[in-house]
> 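First the structure, then my questions, so here it is.
Note that the structure is a prediction, hence the values are computed from the model and not measured. Here is the naming used below: chain letters follow the sequence lines, and residue numbers restart at 1 for every chain.
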There are 2 protein chains.
Amino acid sequence: MQKYLFIYNDMKNRILNGEFVANEKLPFEKDLCISYNTSKMTIKKAFDLLVEDGLIIKKRGVGTFIKDINSKEMERLIVTSQFQGLTSTNPKNKITSKILKFNIIPADSDIERQLNLTPDSFVYDIHRVRYTNGQPTVIEQTYMPIDLIVGLNKTHLKNSLYKYIEEELNYKIQSAHRRVSVRKATEEEAQNLELQVGDPVAVAEQVAYFDNGRAFEYSFSVHHYNFYSAQFIVTK
Amino acid sequence: MQKYLFIYNDMKNRILNGEFVANEKLPFEKDLCISYNTSKMTIKKAFDLLVEDGLIIKKRGVGTFIKDINSKEMERLIVTSQFQGLTSTNPKNKITSKILKFNIIPADSDIERQLNLTPDSFVYDIHRVRYTNGQPTVIEQTYMPIDLIVGLNKTHLKNSLYKYIEEELNYKIQSAHRRVSVRKATEEEAQNLELQVGDPVAVAEQVAYFDNGRAFEYSFSVHHYNFYSAQFIVTK
DNA sequence: AAGTGGTCTAGACCACATT
DNA sequence: ATGTGGTCTAGACCACTTC
């Protein structure tokens with residue numbers, strides 16, 4: 001493991017374990033260079049990750065301090081990582097799927113643009129309802145290029161698409177650009193999510209990328225209002 | 001301006017202006033060191049910002065490439081920056097406020113924890129409806145420590161709180177930890193947002209921080225479902 | 001004046017992909 | 001074997017805060 005990641009993890013654990021309390025000053029970078037036997041740039045890199053996490057703040061000319069986040073925030077930071085195709089958020093929960101549609105269709109112009117496809121490409125057209133412990137929580141409409149995600153079948157859809165992509169196809173999923181909005185459930189959505197027509201749903205539109213930069217998934221998820229939340233840190 | 005920021009901005013403009021097209025290889029870091037007359041670390045720092053923005057991807061052993069984002073994403077990246085207390089998102093829009101409540105109250109235990117206050121602290125208790133071009137879009141319930149945000153009055157609330165904090169009090173707002181969920185509008189919310197009871201609303205709970213790490217605002221915003229959307233990039 | 005974190009360098013070595 | 005980006009160093013200088 002890289003030095004800066006080791007230092008980052010180590011400091012993170014020390015902070016979350018309460019070794020330093022809120023607003024307390026951390027050791028100076030200079031001193032940590034000595035105790036971690038490293039250079040200033042490396043300490044800085046580790047600390048910048050902690051700043052990104054919202055765990056610490058640095059003041060030039062003064063020092064570095066624990067951010068006064070509260071215990072609820074702490075939990076969030078300990079859990080962390082919102083990235084998942086839903087599956088395996090919490091190992092206690094049982095995720096199942098009902099497949100509404102599983103076709104191969106020509107990409108329309110929107111899909112073509114979103115996935116940067118060449119004209120006349122084909123994509124999977126997947127429509128699933130996903131259940132957490134039997135409760136319908138989200139309807140997913142997914143488009144993926146057939147030449148990228150090969151050999152997909154219904155069994156994979158019953159389980160985790162992402163797992164198939166990562167473990168069987170050996171692609172690395174890197175990031176997703178997500179846009180969230182809110183609206184009323186349509187009749188079809190209401191039926192599938194066990195809601196009334198007009199009840200709230202959260203709609204997430206997303207383009208997901210491999211670590212090689214290829215867009216591999218364009219999807220819409222319509223979430224039951226009781227089973228959606230997102231956390232993120234906004235910076236100026 | 002710092003060198004790495006200059007290079008970052010310069011490359012960003014060149015990319016957004018279409019100097020390089022999707023999937024095209026960028027010049028190697030090594031070569032850019034020469035053309036920008038700088039060191040590898042500095043180029044890397046600039047490029048890492050572009051990676052964060054989701055504009056480029058780097059492949060070790062291969063090179064650096066423009067990400068194949070589509071034009072809709074491009075627009076988003078050009079606009080960028082979601083941070084605002086609502087005011088001045090778009091200069092064309094006229095933001096007004098109706099003040100429902102403006103009191104000073106003792107912090108309850110939740111507020112105390114969220115803002116990391118000492119026991120028996122007082123906070124502003126501000127309740128506003130905010131209008132965009134006359135259309136009610138969001139109800140904001142805001143708590144702020146009185147000893148941090150001094151001299152607040154109704155005039156400031158009519159306009160932008162954040163503007164007062166930054167321009168009059170000269171604090172620097174750095175980041176906000178935000179949690180978003182969805183539910184049905186209560187009767188009071190429905191009235192204020194010109195909705196029906198049970199219509200969808202997006203609820204954002206947020207703790208905002210100064211650049212010195214102090215939590216200065218704990219707020220709940222209840223958004224009209226037609227006037228809420230959020231964009232963010234999720235990474236693994 | 002002294003000490004902090006921020007930037008930058010020039011160069012070393014490493015991990016990885018391609019040829 | 002070559003060349004890419006990734007990490008790391010030791011030290012320089014800068015911007016900022018505090019004393």
> Establish, for the pair B:Lys59 and B:Phe65, whether the NZ or CZ atom is under 6.0 angstrom from the six-membered ring centre and no further than 45 degrees off its axis.
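So B:Lys59 does make the cation-pi contact.
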> According to salt bridge (Lys or Arg N to Asp or Glu O under 4.0 Å), who are the partners of A:Asp31, at least two apart in sequence or on a separate chain?
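For A:Asp31, no residue satisfies salt bridge (Lys or Arg N to Asp or Glu O under 4.0 Å) once neighbours in sequence are set aside.
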> Taking only side-chain N and O atoms of A:Thr64, does any of them lie within less than 4.0 angstrom of OP1 or OP2 on C:dT4?
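No, outside the criterion.
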> Check the interface with nucleotides 6-12 of chain C: list each N/O to N/O pair with the protein under 3.5 Å, or write none.
unit_1 : atom_1 : unit_2  : atom_2 : d
C:dG6  : OP2    : A:Lys58 : NZ     : 3.0
C:dG6  : O4'    : A:Arg60 : NH2    : 3.4
C:dG6  : N7     : A:Lys40 : NZ     : 3.1
C:dG6  : O6     : A:Lys40 : NZ     : 2.5
C:dT7  : OP1    : B:Tyr4  : OH     : 2.7
C:dT7  : OP2    : B:Lys45 : NZ     : 2.8
C:dC8  : OP1    : B:Lys3  : N      : 2.4
C:dC8  : OP2    : B:Tyr4  : N      : 3.3
C:dT9  : OP1    : B:Lys3  : NZ     : 2.6
C:dT9  : OP1    : B:Thr38 : OG1    : 3.2
C:dT9  : OP2    : B:Thr38 : OG1    : 2.5
C:dT9  : OP2    : B:Ser39 : N      : 2.8
C:dT9  : OP2    : B:Ser39 : OG     : 2.9
C:dT9  : OP2    : B:Thr42 : OG1    : 2.7

> C:dT4 P sits how many Å from A:Ile57 CD1, rounded?
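It works out to 16 Å between those atoms.
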> With sequence neighbours left out, what residues match A:Lys3 under salt bridge (Lys or Arg N to Asp or Glu O under 4.0 Å)?
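Salt bridge (Lys or Arg N to Asp or Glu O under 4.0 Å) list for A:Lys3, sorted by chain: empty.
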> Within this structure, what is the CD1-to-P distance between B:Ile56 and D:dT4, rounded to whole angstrom?
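Checked: the CD1 to P distance equals 16 Å.
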> Does a donor on one side chain and an acceptor on the other come within less than 3.5 Å for B:Glu112 and B:Tyr143?
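No pair is found: no donor N or O on one side chain lies under 3.5 Å from an acceptor on the other.
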> Is it the case that over 12 heavy atoms from other parts of the model lie below 6.0 angstrom from the CG atom of B:Asp147?
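Enclosed: over 12 neighbouring heavy atoms sit under 6.0 Å from CG of B:Asp147.
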> Given the side-chain rings of A:Tyr218 and A:Phe220, with only the six-membered ring counted for Trp, is the space between their centroids under 6.0 Å?
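Here the rings of A:Phe220 and A:Tyr218 have centres that are less than 6.0 Å from each other.
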> Quickly work out the B:Leu26 CG to D:dT4 P distance and round it to whole Å.
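Distance check: B:Leu26 CG to D:dT4 P gives 14 Å.
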